[in-house]
Amino acid sequence: MFFLYYHTIIFKVMSIYKANHKNILLAADEIKRGGLVGFPTETVYGLGADGMNSTAVAKIFETKNRPTFNPLILHINSVEQLDNIAQINSPKTNVLINNFWPGPLTLVLKKKECVPDIVTAGNDTVAVRMPANNTALELIYRAGTPIAAPSANVFGKLSPTTAFHVEEQLGNKIDVILDGGKCKVGVESTILKISENEVILLRPGGLSIEKIETALNEKVIRENISEEIISPGLLKSHYAPEIPIRFIDDINLDDYTNQNVGALLFDRNSYNFDFKEIKYLSKNGQLREAAANLFVYLHEFENANLDLIVCEKINPEGLGNAIMDRLKKAVNKYS
Ligand code: AMP
Ligand code: MG
């Protein structure tokens with residue numbers, strides 16, 4: 001009896017699995033089911049989810065306890081996969097891919113329609129990388145989908161470079177951590193934004209700028225780098241809708257009776273007002289679903305011929321924090 005109990009505890013507490021073929025298949029199943037997996041890359045350990053499943057991606061933010069939505073990197077295992085999610089807008093992209101993938105280089109490219117808004121935090125660009133780690137590559141291949149993954153740490157704590165670091169921080173929240181040993185590079189990837197004419201360094205990292213400049217035979221633009229951009233998650237250009245957005249509580253709805261007002265409500269409508277359109281973040285009151293819908297609905301409202309979007313304040317707990325952060329930033333733009 002005691003033995004059984006003891007075993008259950010050990011089983012529950014440890015989520016670490018040696019990164020062999022069998023366990024990679026198990027982890028891939030977890031990803032396909034919409035679950036989270038801790039996995040090694042050459043930079044740091046990632047907290048991965050199916051990058052095409054917005055509710056699974058919302059779980060990443062919930063699990064990391066991030067108070068903000070930052071755009072995530074999609075990890076791929078082949079150049080064909082890149083074609084499905086991003087536009088290769090310059091021959092320079094090919095040069096960089098040929099020279100440095102797989103490796104610690106992330107490319108920010110124009111995204112294709114299928115990439116969920118929560119992955120890019122509403123931006124029309126997506127960050128993509130092919131990691132130089134066989135476990136990561138096989139996991140992506142077996143899952144059959146790009147894997148969205150930030151570092152597998154709790155918000156504000158150090159990035160993990162061993163499976164044990166992941167276990168310490170997130171072991172009680174995720175079921176599968178693949179142990180592929182210590183990360184070879186140990187720092188985050190270098191991030192480049194490639195537009196038609198220029199290549200801009202968004203974050204210095206595991207691949208040196210000198211190597212990049214030699215391969216491209218041109219200078220990479222660095223002057224745009226500010227503390228703000230270097231700190232992960234603090235992007236300068238945050239997505240905000242093109243139409244004014246206000247919190248319902250901060251205005252008097254009666255002042256807007258003659259206008260086309262769209263309402264972004266949480267789970268029900270308790271207002272006595274003739275909204276032109278209403279969107280519910282989650283009819284079942286689920287924060288995960290609300291997070292997955294947030295950017296999609298803001299985008300849809302932009303195309304709905306409205307004068308104003310009004311939104312409800314969300315209880316800032318768990319994922320509610322990140323949702324409120326996003327709404328506040330959008331509202332601030334117009335007040
Ligand atoms: P990481 O911290 O390694 O997970 O990398 C995520 C970081 O990549 C974000 O915090 C951003 O700084 C950057 N990033 C991801 N997607 C984009 C994007 N679409 N545009 C600009 N930067 C991005
Ligand atoms: Mg991180």
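When a ligand or atom number is given, it counts from 1 through the structure's own listing order. Everything numeric here is computed off the predicted structure, so don't read it as measured data.
The N/O atoms of Thr120, backbone and side chain alike, include none that comes under 3.5 Å of an N/O atom in ligand 1. Close N/O approach between Thr125 and ligand 1 is found [any backbone or side-chain N/O within under 3.5 Å]. Below 3.5 Å of separation, one finds no N or O of Glu188 facing any N or O of ligand 1.
The residue from Pro104, Ala127, Pro71, Ala148 that puts a heavy atom closest to atom 6 (C) of ligand 1 is Pro71.
Heavy-atom minimum distance, Leu107 versus Ile97: CD1-CG1, 3.9 Å. Between Asn77 and Met130, the closest heavy-atom pair is C-CE, 4.0 Å.
A salt bridge between Asp124 and Lys110 is present, with a side-chain N of the basic residue lying under 4.0 Å from a carboxylate O of the acidic one. Of the charged side-chain nitrogens involved, none lies within less than 4.0 Å of a carboxylate oxygen, so that Arg203 and Glu188 do not count as a salt-bridged pair. Ion pairing between a basic and an acidic side chain is recognised when a charged N comes within 4.0 Å of a carboxylate O; Glu42 and Arg129 show such pairing. The pair Asp29-Arg33 fails the salt-bridge criterion, with no side-chain N (NZ, NE, NH1 or NH2) lying under 4.0 Å from an Asp/Glu carboxylate O. Under 4.0 Å is where a charged nitrogen must lie from a carboxylate oxygen, and between Glu218 and Lys92 at least one such pair does.
For ligand 1 and Val108, the ligand atoms under 4.0 Å from any heavy atom of the residue are 18 (C), 19 (N), 20 (N). Within the listing of ligand 1, atoms 7 (C), 8 (O), 13 (C) sit less than 4.0 angstrom from a heavy atom of Ile191. Counting the atoms of ligand 1 from 1 in the order shown, those under 4.0 Å from a heavy atom of Pro150 are 4 (O). Close approach of ligand 1 to Asn70 is summarised as follows: ligand atoms under 4.0 Å from at least one heavy atom of the residue are 10 (O). Per-residue contacts place Leu202 under 4.0 angstrom from the following atoms of ligand 1 (heavy atoms of the residue considered): 21 (C), 22 (N).
Residue Arg203 touches ligand 1 through its side chain alone, judged by heavy-atom distances below 4.0 Å. Neither the backbone nor the side chain of Thr106 has any atom closer than 4.0 Å to an atom of ligand 1 (non-hydrogen atoms only).
If you look at Phe69 and Phe295, their ring centroids are closer than 6.0 Å.
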